[in-house]
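Following: one structure in structure tokens, then a few remarks.
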Amino acid sequence: MPQEQIRSSLSVILEEMGASPPSIHLERPKDPDHGEWASNVAMTLASTLRRSPRQIAEEIAAAFPTGAQTGVASVEVAGPGFLNFRLSTDAVTRTVATILEEDADFGRQAVSDEAPVLVEFVSANPTGLLHLGHGRQAALGDALASLLEWAGNRVSREFYYNDAGRQIERLALSVQARYHQHFGREMPLPEDGYRGRIVSEIAAEFAEAEGERWLDDPEGAGLERMREFAVTRLRAEQDLDLNTFGVRFDRYFLESSLYTEGRVETTVEGLRESGLVYEKDGAVWLRTTEFGDQKDRVMIKSDGSATYFLPDVAYHVTKWERGFHRAINVQGSDHHGTVDRVRAGLRALGLPEGYPEYVLHQMVTVERGGEEVKFSKRDGDYLTLRDLVDEVGRDVTRYFFLMRKPEAHLVFDLDWAADESDKNPVYKAKYAHARVCSILRKAGGAAPDPDASLELLSSEIERELIQQLGSFPELVERAAAHRAPHLACDWLEHTAGQVNAWYHHGNPARNPGGAVLVDDPDLRAARLALTGAIRVVLRNALTLLGLDAPERMERAESDDEPGEG
RNA sequence: GCGCCCGUAGCUCAGCUGGAUAGAGCAUCGGCCUUCUAAGCCGACGGUCCCAGGUUCGAAUCCUGGCGGGCGCGCCA
């Protein structure tokens, strides 16, 4: 890798100059005139060496070993003191061979021995269908987990079910009301009940299965059955949606298990031992302000029951004890108030500061025709993840949820999402992939040859395209480090755009010399190798984001069913 | 009132550790065109990076103070 050679050559030179910066920053300049790599070391060292940046840069440039050894053809000093490195054509085009050789592993780092990471996401209560916030979270958590895997981490995906709280009780009471209504009885929905259609449907199913026998339910046994029935049904619905969405979890963790296994109790004892627990107004409090929380928190209410804070802390203790010394929670930013208190509770138990890490995302709104799509809150129905996937497909939904940084509000434009042309970044990327697959098929399907005369790929457009393909591993690293899947979306769209431009540039009807399938066998082999490398990188990038990489695309208007319709 | 997040082109948004002339997509406008199958291709227009100070060789980026928007501030989850 040329950048490694540049970096090590630089550090040797700098050492001789009496300066050894902790790290040497190399970047890919935006402007191709600035070469393939650039460094600002001369500028950062100006003050310590007490000389002008340009002077330092000149000295480095003069000492820099160009030639086959480093792959650097020339070094120039530019602007305020940048060092611009221009690679030899050979050094650039070698990337194509590397990509072909590494194939499905190109961009993937070797697995490190760092602590495994637990990514917790979605964690919806089983009280309704998954809404758009859950959808964004499903896409984000899954892509983030995938990014971390590509970056060499051991990763586990987990879903935490709040199946023990008041919300479940409300659900049961709501089903009960709908059950009575189903049989024409008067029973109003509880004030804070769930109004959604799905609840009525579940009540109807229950009525179908169990008949009228629970209309009289003095012991509450019927209510208990309804609770179980509804939770099971809703979990099944959520699982169905998550499967359709292509999200798999390694584990579903039930809140109720924290109670049945005594973890909540253990947590209470642990907190009491911390000496930060006190009683006030009949409740038990934890002095979370000790660790930067805005106010102290109640852990046991005056009626003797736990607040949700307690199982939350207990749950995170299990994460730590299960060896996940790195944990990332993907949550809606409306929950950011819980961050400080959970961390405080964990610190009181001796866990390190800043555990767990949070990725908080903003809300999602949907627009059609430039207008926000409103849904009726009154009848409890809302736009669901399922609605979106039914309308524009799984991959588009995933991508649109990922394309904005988590902390920014997301506008889901349905018109744009439904567009199947290159204007839609998802289709743009898929078409680019399908196009290169098509060329490879047309070429006879033989495997692209990494030993082709790659130095023939010397045109500006090809050189820049290869540079872009070669930046994929850095993209993975950066996006993982920043917990930022949207960077991968940007990168994919940009790369697909470059691929498409290259493809159109080589349109045989207009520019036969630029086509892949030219007559000259050497050039043809070199371009086929590049085509193969494009396929590898696009496929890897799509896979990274959990999207399909189709080898061919069907025309929407190929509904040419003869005899039908 | 306090805390967190956001404010960049008409719209939706990127912008790496502070770096070179601030970038995409959409929309608009102007050409071209029917493809190595793919609902097009090429180009142009478009900026007070919310405001005001500060830090320094250099600020969209860091600091302080405002302004505007979102969210949160329960013995609810």
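Here is how names work: the chains are called A, B, and so on, in the same order as the sequence lines, proteins then strands, and each is numbered from 1.
For R297(A) and C73(B), the CZ to P distance is 9 Å, given to the nearest whole Å. Atom CZ of R166(A) and atom C1' of A77(B) are 10 Å apart (whole Å). Counting to the nearest Å, the C1' atom of C76(B) and the CD atom of E255(A) are 13 Å from each other. Y431(A) places its OH atom 9 Å from the P atom of G40(B), with the value rounded to the nearest Å. Residue K423(A) contributes atom NZ, which lies 16 Å from atom C1' of A24(B) at whole-angstrom precision. The CG-P distance, from L487(A) to C16(B), rounds to 9 Å in whole Å. In this structure, H494(A) atom NE2 and G15(B) atom C1' are separated by 13 Å, rounded to whole Å. Here C42(B) presents its C1' atom at 12 Å from CD1 of I461(A), a figure rounded to the nearest Å.
Within the 4.0 angstrom heavy-atom criterion, no nucleotide atom of any strand lies near R28(A). Backbone-only engagement by S333(A) is indicated by non-hydrogen atom pairs under 4.0 Å involving sugar-phosphate atoms exclusively. Contact annotation for P508(A): base contact, defined as any heavy-atom pair under 4.0 Å involving a base atom. Nucleic acid contact class of H409(A) (heavy atoms, under 4.0 Å, all strands): sugar-phosphate only. Backbone-only contact: H504(A) has heavy atoms under 4.0 Å from sugar-phosphate atoms and none from a base. Looking at heavy-atom distances under 4.0 Å, N40(A) makes contact with a base. Using a 4.0 Å heavy-atom criterion, one finds that Y503(A) contacts the bases of the nucleic acid, with or without backbone contacts as well. Residue contacts for R435(A): at a heavy-atom cut-off of 4.0 Å it reaches a base atom on one of the strands shown. In this structure, S421(A) reaches the sugar-phosphate backbone alone: every heavy-atom distance under 4.0 Å involves primed, P, OP1 or OP2 atoms, never a base. Residue contacts shown for E493(A) are limited to sugar-phosphate atoms, with no base heavy atom under 4.0 Å away. Across all strands, A481(A) comes closer than 4.0 Å to no nucleic acid atom at all (heavy-atom distances). Across all strands shown, N84(A) has heavy atoms under 4.0 Å from base atoms, whether or not it also approaches the sugar-phosphate. Across all strands shown, D281(A) has heavy atoms under 4.0 Å from base atoms, whether or not it also approaches the sugar-phosphate. Across all strands shown, D422(A) has heavy atoms under 4.0 Å from sugar-phosphate atoms exclusively, and none from any base.
Out of C36(B), G19(B), U12(B), the shortest distance to the side chain of L517(A) is found at C36(B). With U37(B), A77(B), C2(B) as the choices, the nucleotide that has an atom nearest any side-chain atom of Q294(A) turns out to be C2(B). Each of A20(B), G15(B), C6(B) was ranked by its minimum atom distance to the side chain of A78(A); first place goes to A20(B). Of the candidates G19(B), G72(B), C13(B), the closest approach to any side-chain atom of V411(A) belongs to C13(B). Candidate nucleotides C76(B), C73(B), G25(B) were compared by shortest atom distance to the side chain of K301(A), and C76(B) ranks first. Of the listed nucleotides (U17(B), U21(B), U37(B)), U21(B) has the atom at the smallest distance from the side chain of D31(A). Of the candidates A39(B), U37(B), G7(B), A39(B) carries the atom nearest the E420(A) side chain, counting heavy atoms from C-beta on.
Ring geometry for Y278(A) versus W285(A): interplanar angle under 30°, hence parallel rather than tilted (30 to 60°). In this structure, Y252(A) and Y161(A) have parallel ring planes: the angle between them is below the 30° cut-off, well short of the 60° mark. In this structure, Y382(A) and H131(A) have perpendicular ring planes: the angle between them is above 60°, well past the 30° mark.
Under a 4.0 Å N-O distance rule, the pair R7(A)/E4(A) qualifies as a salt bridge. With salt bridges taken as basic N to acidic carboxylate O contacts below 4.0 Å, none links E76(A) and R86(A). Using a 4.0 Å cut-off between charged nitrogen and carboxylate oxygen, R51(A) and E59(A) count as a salt-bridge pair.
Base-pair partner of G68(B): C6(B) (Watson-Crick or G-U wobble, both distances under 3.5 Å). Under the Watson-Crick or G-U wobble criterion, with both distances below 3.5 Å, G43(B) is paired with C29(B). Look at A59(B): it lacks any Watson-Crick or wobble partner with both distances under 3.5 angstrom. Across all strands shown, G1(B) is found opposite C73(B) as a Watson-Crick or G-U wobble partner, with both distances under 3.5 Å. For A24(B), the paired nucleotide is U12(B), the pair qualifying as Watson-Crick or G-U wobble because both relevant distances are below 3.5 Å.
With both ends at atom P, the span from G7(B) to C49(B) equals 14 Å, rounded to whole Å. C62(B) and C75(B) are spaced 42 Å apart, taking the C1' atom of each and rounding to whole Å. To the nearest whole angstrom, the two P atoms, one in A60(B) and one in G66(B), are 23 Å apart. Atom name P, nucleotides A14(B) and C6(B): the rounded distance is 10 Å, in whole Å. Across C45(B) and C51(B), the matching P atoms stand 24 Å from one another, rounded to whole Å. Taking atom C1' on both U8(B) and U12(B), the two are 12 Å apart, rounded to the nearest angstrom.
Per the stacking criterion (ring centres < 5.5 Å, plane angle < 30°), F82(A) does not stack onto the base of G19(B). Using a 5.5 Å limit on the distance between ring centres and a 30° limit on the angle between planes, the aromatic ring of H34(A) counts as stacked on the six-membered base ring of A20(B).
Ranked by how close their nearest RNA chain B nucleotide is to the 5' end, C437(A) and M363(A) are led by C437(A). When each of V516(A) and D490(A) is assigned the nucleotide of RNA chain B bearing its nearest heavy atom, the one mapping closer to the 5' terminus is D490(A).
The base of C75(B) does not come close enough to the side chain of T307(A) for any donor and acceptor atom to sit less than 3.5 Å apart. Counting distance only, with no hydrogens placed and no angle test, the side-chain atoms of R441(A) and the base atoms of U37(B) include a donor-acceptor pair under 3.5 Å. In the interface, the side chain of H336(A) is paired with the base of G3(B) through a donor and an acceptor atom under 3.5 Å apart.
Geometrically, R170(A) engages Y194(A) in a cation-pi contact defined by less than 6.0 Å to the ring centre and at most 45° from the axis. For the pair R347(A) and F291(A), the cation-pi criterion (under 6.0 Å, within 45° of the ring axis) is not fulfilled.
Of the N and O atoms on the side chains of E372(A) and T365(A), not one donor lies less than 3.5 Å from an acceptor on the other residue.
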